[in-house]
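Values reported hereafter were calculated over all heavy atoms of this structure, with side chains retained and with hydrogens, waters and symmetry mates removed.
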Amino acid sequence: MPLNPSTPSASAETGTSEEIPPQLKQQELINWNEYLVKTLDVQWICGVEYFRNAPLGGSKWQKYAKHGMVMEVPNPKMESTYWPAIVFGFAGYNALVEFVRVDPNERGSDGVRKLWIPFLSNVPKPLGHCLKNQILLYPVSKKDQQDPNFLEKTYLSLAERDLPTLKPNHWEYCLEQIKSTGKRFKVNEVVEALDKLNCGRNRMGLVTMTLANRIHVQYLDLNEDDEGFWFSQQSEHVHKLGWSHAVGSGIVGARSSIAYPLPDLSEFPLVPTGVSVEATDMFEMRHPVLLHTICVGFVIEPLRFGYFVAGTDWTRPDKCVKIVMHVTSDYILPINFCRKHDIDLKLPMKDGKPIMNFSWRKYLAEMGFKALNLSAIKKEPAKFTKGCKLEAVDLKQPTYLGPATVTDFAGHLIQIHFDRHPRTQESSFQWVSAESPDIYPACYSQAVGHKLACKPERPNPADSFYLANR
C-alpha cells in the first residue's frame, strides 16, 4: 500500500513555494496546501481527536500530537540538512512548525519561517535522530549560521526546556496506526457484501484491493466488466463468510452444497437489554439511497442477532427501499428524532400527498403500529462544529474521497456538503454518523496515498462557527 508523505506549504506567513525542502518534494497532487496558507481558515479544520475511527484518532492523538513538542525537520535553506523545530499547531494531519533559534529569546524573522509538514509521515524525526544517524544539522537563520557554536548552544537550550518529542520509531508507529484501521479483511478474502444492485440482500464478493481502511470488493456472478464496489473495513454492509446464513438474510452467489462457518461473535453487535424488534415497528432512519434524506422506516422482517429487514416509507411503494440493519445501527433513529433536532423528515403519504401537520402519536394510533423502542441505545452527540472542514467518502460513488464541510448536526449525526458542488444540489449533502469510518481528518488522503478529488473550498460565510452542543 503506498503511503506517501504530503507536500506542505513552504511558509505559513508568505504562502510561497520556492523554499519547499527537497526532502519534501514529490509529484504534485491535489492537497490542502493552498488552503493552509491563510491562518484564519485553518481554525475551520476539524481536529483529529474528533475522529475516533481514524489513524491516531480520538484520545491517542491528544496524548501524542502535542503543541510545543520539538522535532527535527528538513531545512528549507539547505538541501539534505535538518534543524529542530517546535510544533506551533495542527490542521488535520499536518503540523505547523517553527524553526528553533540559537537564542530562544531572540525575536525577528531573519529568514526563520513557520512550515507546514505532514505529521503522519516519515518527514519529522525525533530530537536527537540526526546526531545519532550522522545527518547534517544546519540552522535556518542566517545570523545563527554565523555562530560557530550554533549546534551546542541550540541543543543545550532544548535540553534545559525538556520539551516532548516524537517516539524513536515515529514512522513505524504511524504506519502501525494506519494499518490498524485495515485489519478486518484481507486481499483475496471471500466476503458477503451489500448488493449494489439491490440493497435488500447481500452478494458474494472477493476483496481484490486494500488502501488504508478501504477495501475493493469484486462481486461474484456479475459481468466481467463490473467495477465492483468500495467499502470501509469497518462498514456495517460487508461481512465475513457465513454471516447471511447466521442472520437469516438473503444472499446471491452462495452455494447450497457448502456449509458456511459461523462468523466470530465479534461480527455481531450486542443487543442492549430490553430491546426487541417486531414486524411493523416504526422509526425514523437515514435513507440508504437518498443520503441527504431522513425518512419514515419500519420493520419488514425481524432476523437474528438483532438484525432486521428495514423498509423506507411504504406509502411510496414505487420508492420503498429495503435494507438489512442492526437495531444499533447509526441509520436507525427513534421517532421524533427530526422534530427534536429541528430537521426535515420526509413525510409519509396519504391520498397521494405528504401528510401535513404530521404527528407520530396520531399516525401510529391510526395505523395500529407501535414505535421501535430504542431508549436503551445511547449514542454520543456529535462534537463537530458547524462549518468545519474534513475529508469524506461519497457513499453513492465510493471511489470519491474529497474535502467536505459540516453544514448541520443532529444528535450523533452530522450533515456534510462536498466541496466544489453547488449547495442547491440536494445530492451534494449527506447525513453520516459522527463515528462513521468514511469520514477522515484533513490531509488523510496525503497520509495514505489516496487521491483527493478536488481542492478544498474556503469557509462559506453562510456557515456559522459554533460548538455542536445542542
Side-chain angles (χ1 to χ4, degrees), residues 1-12 15 17 20-38 41-42 44-51 53-57 61 64-65 71 73-74 76 85 87-97 114-125 166 170-182 210-214 230 232 388-394 398-405 418-420 437-458:
M1 158 174 42
L3 293 162
N4 302 322
S6 60
T7 308
S9 304
S11 167
S17 59
I20 294 177
Q23 298 95 319
L24 301 183
K25 289 182 179 177
Q26 68 171 40
Q27 181 182 2
E28 286 299 316
L29 297 173
I30 297 174
N31 52 43
W32 290 77
N33 296 350
E34 292 181 16
Y35 184 94
L36 297 178
V37 168
K38 294 191 177 182
D41 292 348
V42 173
W44 292 72
I45 293 179
C46 301
V48 177
E49 62 272 16
Y50 290 174
F51 301 82
N53 291 317
L56 258 180
W61 181 262
Y64 186 50
M71 58 186 69
V73 301
V87 173
F88 193 77
F90 291 96
Y93 284 126
N94 273 15
L96 180 62
V97 299
K114 297 183 179 73
L115 180 79
W116 285 104
I117 66 165
F119 184 80
L120 206 67
S121 74
N122 63 352
V123 170
K125 311 294 184 186
L166 302 173
H170 170 74
W171 178 222
E172 290 76 12
Y173 177 63
C174 291
L175 281 174
E176 180 55 37
Q177 291 299 309
I178 293 171
K179 292 176 181 177
S180 70
T181 64
T210 66
L211 177 58
N213 82 325
R214 304 206 64 73
W230 283 87
S232 72
C388 65
K389 311 287 288 188
L390 44 76
E391 293 182 11
V393 170
D394 183 345
T399 57
Y400 184 102
L401 173 64
T405 303
F418 288 96
D419 287 7
R420 308 293 173 181
D438 297 298
I439 60 174
Y440 309 93
C443 308
Y444 170 84
S445 54
Q446 294 168 297
V448 302
H450 196 298
K451 178 183 177 182
L452 190 67
C454 64
K455 292 182 179 181
E457 290 179 342
R458 296 292 171 194

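- Residues satisfying the side chain to side chain donor-acceptor pair (under 3.5 Å) criterion with Ser232, sequence neighbours excluded, are absent altogether.
- Interatomic distance, CD of Gln177 versus CG of Leu120, reported as 8.5 Å (0.5 Å rounding).
- Atom CZ in Phe418 sits 10.0 Å away from atom SG in Cys454 (nearest 0.5 Å).
- A donor-acceptor contact closer than 3.5 angstrom is absent between the side chains of Asn53 and Thr181.
- Looking only at atom types and distance, the side chain of Glu391 has a donor-acceptor partner in the side chain of Trp32 under 3.5 Å away.
- When the ring pair (Phe, Tyr, Trp, His ring centres under 6.0 Å) test is applied to Tyr173, the partners found at least two apart in sequence or on another chain are Tyr64.
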So Ile45 and Leu36, side-chain contact (heavy atoms from CB on, under 4.5 Å) or not? Walk me through it.
CA-CA 10 Å; Ile45 293 179; Leu36 297 178; 3.6 Å; yes

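- When side chains are defined from C-beta on, Arg458 counts as touching Lys38, because their heavy atoms get closer than 4.5 Å.
- Asn94 contributes no side-chain N or O that, together with a main-chain N or O of Trp116, makes up a donor-acceptor pair within less than 3.5 Å.
- Atom CG of residue Leu401 and atom CZ of residue Arg214 lie 7.5 Å apart, to the nearest 0.5 angstrom.
- For the pair Pro441 and Ala54, the tightest heavy-atom approach, listed with the atom from each and the gap, is CD-CB, 3.8 Å.
- For Phe88, the CZ atom sits in a loose shell: 12 or fewer heavy atoms of surrounding residues, nucleotides or ligands are nearer than 6.0 Å.
- Note that the CG atom of Leu390 and the CZ atom of Phe51 stand 4.5 Å from one another [nearest 0.5 Å].
- For Leu115 against Pro74, the heavy-atom pair with the smallest separation is CD2-O, 4.3 Å.
- Remark: Ser180 OG to Leu56 CG distance equals 8.0 Å, nearest 0.5 Å.
- The shortest non-hydrogen separation linking Ser121 to Cys174 is N-SG, 4.3 Å.
- Residues forming a ring pair (Phe, Tyr, Trp, His ring centres under 6.0 Å) with Tyr444 (at least two apart in sequence, or on another chain): Tyr440.
- When every heavy atom of Pro55 is checked against every heavy atom of Val48, the shortest pair comes out as O-CG1, 4.3 Å.
- Annotation: salt bridge (Lys or Arg N to Asp or Glu O under 4.0 Å) contacts of Arg420 (sequence neighbours excluded): none.
- Between the Asn213 side chain and the Pro437 main chain, a donor and an acceptor come within less than 3.5 Å of each other.
- The two residues Ala85 and Val73 come nearest to each other via the heavy atoms CB-CG2, 3.8 Å.
- Applying the salt bridge (Lys or Arg N to Asp or Glu O under 4.0 Å) test to Lys455 and every residue at least two apart in sequence or in another chain returns Glu34.
- In summary, the aromatic rings of Phe119 and Trp61 are positioned with their centroids under 6.0 Å apart.
- Two residues are said to be in side-chain contact when any heavy atoms from C-beta on lie closer than 4.5 Å; Pro118 and Gln446 fail this criterion.
- The pair Lys389-Asp41 fails the salt-bridge criterion, with no side-chain N (NZ, NE, NH1 or NH2) lying under 4.0 Å from an Asp/Glu carboxylate O.
- Atoms OG and CG, on Ser445 and Asn31 in that order, are 8.0 Å from each other to the nearest 0.5 Å.
- Looking at every heavy atom in both residues, His450 comes nearest to Thr399 through CE1-O, 3.8 Å.
- In this structure, Glu172 has no salt bridge (Lys or Arg N to Asp or Glu O under 4.0 Å) partners at least two apart in sequence or on a different chain.
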